[in-house]
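Take a look at the structure set out below.
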Amino acid sequence: MLQDIEMQVRYTRAMIRRNALNPRVMAAMSKVPRHKFVDPAMLDRAYYDGPLPIGCGQTISQPFIVALMTELAEVEEGGKVLEVGTGSGYQTAILAELVQQVYSIEIIPELGEQACKCLQQIGYENIETRIGDGHAGWEEEAPFDAVLVTAAAEAIPPRLIEQLKPGGRLIIPVGPAYSHQDLIVVEKDGQGNISQWTALGVAFVPLTGGH
Ligand code: SAH
């Protein structure tokens, strides 16, 4: 799996503006047991570099995309990060290896509850999960060093930009459901100015809710 990720980084390096991923990110990818987050019926594919179904019409993201989003978020040890779209909890676990505290929101109760159990079983103590609509972010715990959205939005939810610290980053796929989405990196500088760039074309399940 790690070799497949390195190969994808080489193919996409001009777009993603990286020649290699941070060794801390690769160490987290090698440490987290992905087989504990996949459907037991798909155990043989747990370390294949592609997405897999996790029930309720949702997927656990492709390992390369998980590693890339983590890299682009540029998270540091003392950091506080928000994830929208807990899903299986796999990306949540990767983040928890790298920062001080992770908050993760899932809109489908069944998935959120199962991910929470799985993360507790593995022993993570720096993750808080909640069931709800991530469009509103997590006001009580804001601001965040980084926000990662793991479902595709039609437009960037403004609350998620508001809840970034100065110097913070929002990583979010934007575009129509299942096709031609852009993985966008939104950066808020020390003065609060916002800029953005597109790292890659991606295909995520849609971000629902927002009404
Ligand atoms: N990070 C997850 C990705 C799961 S797929 C993993 O790798 O396992 C995206 C998830 O986002 C789905 O579980 C979906 O239910 C959830 N989702 C969609 N819209 C949402 C919203 N508005 N708020 C929170 N979660 C949402």
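The shown structure was predicted, so the numbers you read here are calculated from the model rather than taken from an experiment. Atoms within each ligand, like the ligands themselves, are counted from 1 in listed order.
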Notebook entry, point to check: When you measure from atom 19 (N) of ligand 1 to every protein heavy atom, which one gives the shortest distance, and what is it?
Noted result: Thr208 N, 2.9 Å
Margin query: Heavy atoms only, cut-off 4.0 Å: how does Glu106 contact ligand 1, side chain, backbone, both, or neither?
Written below: both
Next item on the list: Identify, by atom number and element, the atoms of ligand 1 in contact range of Leu111, meaning under 4.0 Å from any of its heavy atoms.
Entry: 13 (O)
Margin query: Counting neighbours of CD on Gln114 that are heavy atoms of other residues, nucleotides or ligands and sit closer than 6.0 Å, is the number greater than 12?
Written below: no
Notebook entry, point to check: Judged by non-hydrogen atoms, does Gly112 sit under 4.0 Å from ligand 1?
Noted result: no
Next item on the list: Validate the cation-pi geometry between Arg34 and Tyr47: distance from NZ or CZ to the six-membered ring centre under 6.0 Å, angle to the ring axis within 45°.
Entry: no
Notebook entry, point to check: Does Glu141 pair with Arg130 as a salt bridge, N-O distance under 4.0 Å?
Noted result: no
Note to self: Quick check on the hydrophobic clustering: are Val66 and Met15 connected, directly or via other members, by side-chain heavy-atom contacts under 4.5 Å?
What the structure shows: yes
Item checked: Numbered atoms and elements of ligand 1 in range of His135, under 4.0 angstrom, heavy atoms -> 22 (N)
Notebook entry, point to check: Which of the numbered atoms in ligand 1 are below 4.0 angstrom from a heavy atom of Asp133?
Noted result: 21 (C), 22 (N), 23 (N)
Item checked: Atoms of ligand 1, numbered as shown, that sit under 4.0 Å from any heavy atom of Thr150 -> 1 (N), 2 (C), 3 (C), 5 (S), 9 (C)
Checklist line | Protein contact to atom 12 (C) of ligand 1 [nearest heavy atom, distance to 0.1 Å] | finding: Gln58 OE1, 3.3 Å
Notebook entry, point to check: So between Leu207, Ile107, Thr59, Thr86, whose heavy atom ends up nearest atom 4 (C) of ligand 1?
Noted result: Thr59
Next item on the list: Show which atoms of ligand 1 fall inside a sub-4.0 Å distance from at least one heavy-atom site of Ile60.
Entry: 6 (C), 7 (O), 8 (O)
Margin query: Looking at non-hydrogen atoms alone, which of Ala152, Gly85, Pro51 comes nearest to atom 1 (N) of ligand 1?
Written below: Gly85
Next item on the list: Please could you name the atoms of ligand 1 that Val205 approaches to less than 4.0 Å, counting only its heavy atoms?
Entry: 5 (S), 9 (C)
Notebook entry, point to check: Do the side-chain N and O atoms of Gln58 and Ser88 include a donor-acceptor pair separated by under 3.5 angstrom?
Noted result: no
Note to self: Tell me which one of Leu160, Ile184, Ile156 satisfies side-chain contact (heavy atoms from CB on, under 4.5 Å) with Val149.
What the structure shows: Leu160
Checklist line | Protein heavy atom at shortest distance from atom 6 (C) of ligand 1 | finding: Ser88 OG, 3.6 Å
Next item on the list: Check each atom of ligand 1 against the heavy atoms of Ser61 and keep those under 4.0 Å away; list them by number with element.
Entry: 3 (C), 6 (C), 7 (O)
Next item on the list: With heavy atoms only and a cut-off of under 4.0 Å, state how Pro206 meets ligand 1: side chain, backbone, both or neither.
Entry: backbone
Next item on the list: Working to the nearest 0.5 Å, report the span between NZ of Lys117 and CG of Leu119.
Entry: 12.0 Å
Note to self: With side-chain contact (heavy atoms from CB on, under 4.5 Å) as the test, pick out the partner of Val102 among Leu95, Thr86, Val75, Thr129.
What the structure shows: Leu95
Check: Atoms of ligand 1 less than 4.0 Å from Gly134 heavy atoms?
Finding: 21 (C), 22 (N), 23 (N), 24 (C)
Note to self: In this structure, would Leu207 and Val185 fall into the same cluster of hydrophobic residues linked by side-chain contacts under 4.5 Å?
What the structure shows: no
Next item on the list: With rounding to the nearest 0.5 Å, note down the distance linking CD in Glu154 to CD in Gln181.
Entry: 10.5 Å
Notebook entry, point to check: Mind checking whether Glu83 has an N or O less than 3.5 Å away from an N or O of ligand 1?
Noted result: yes
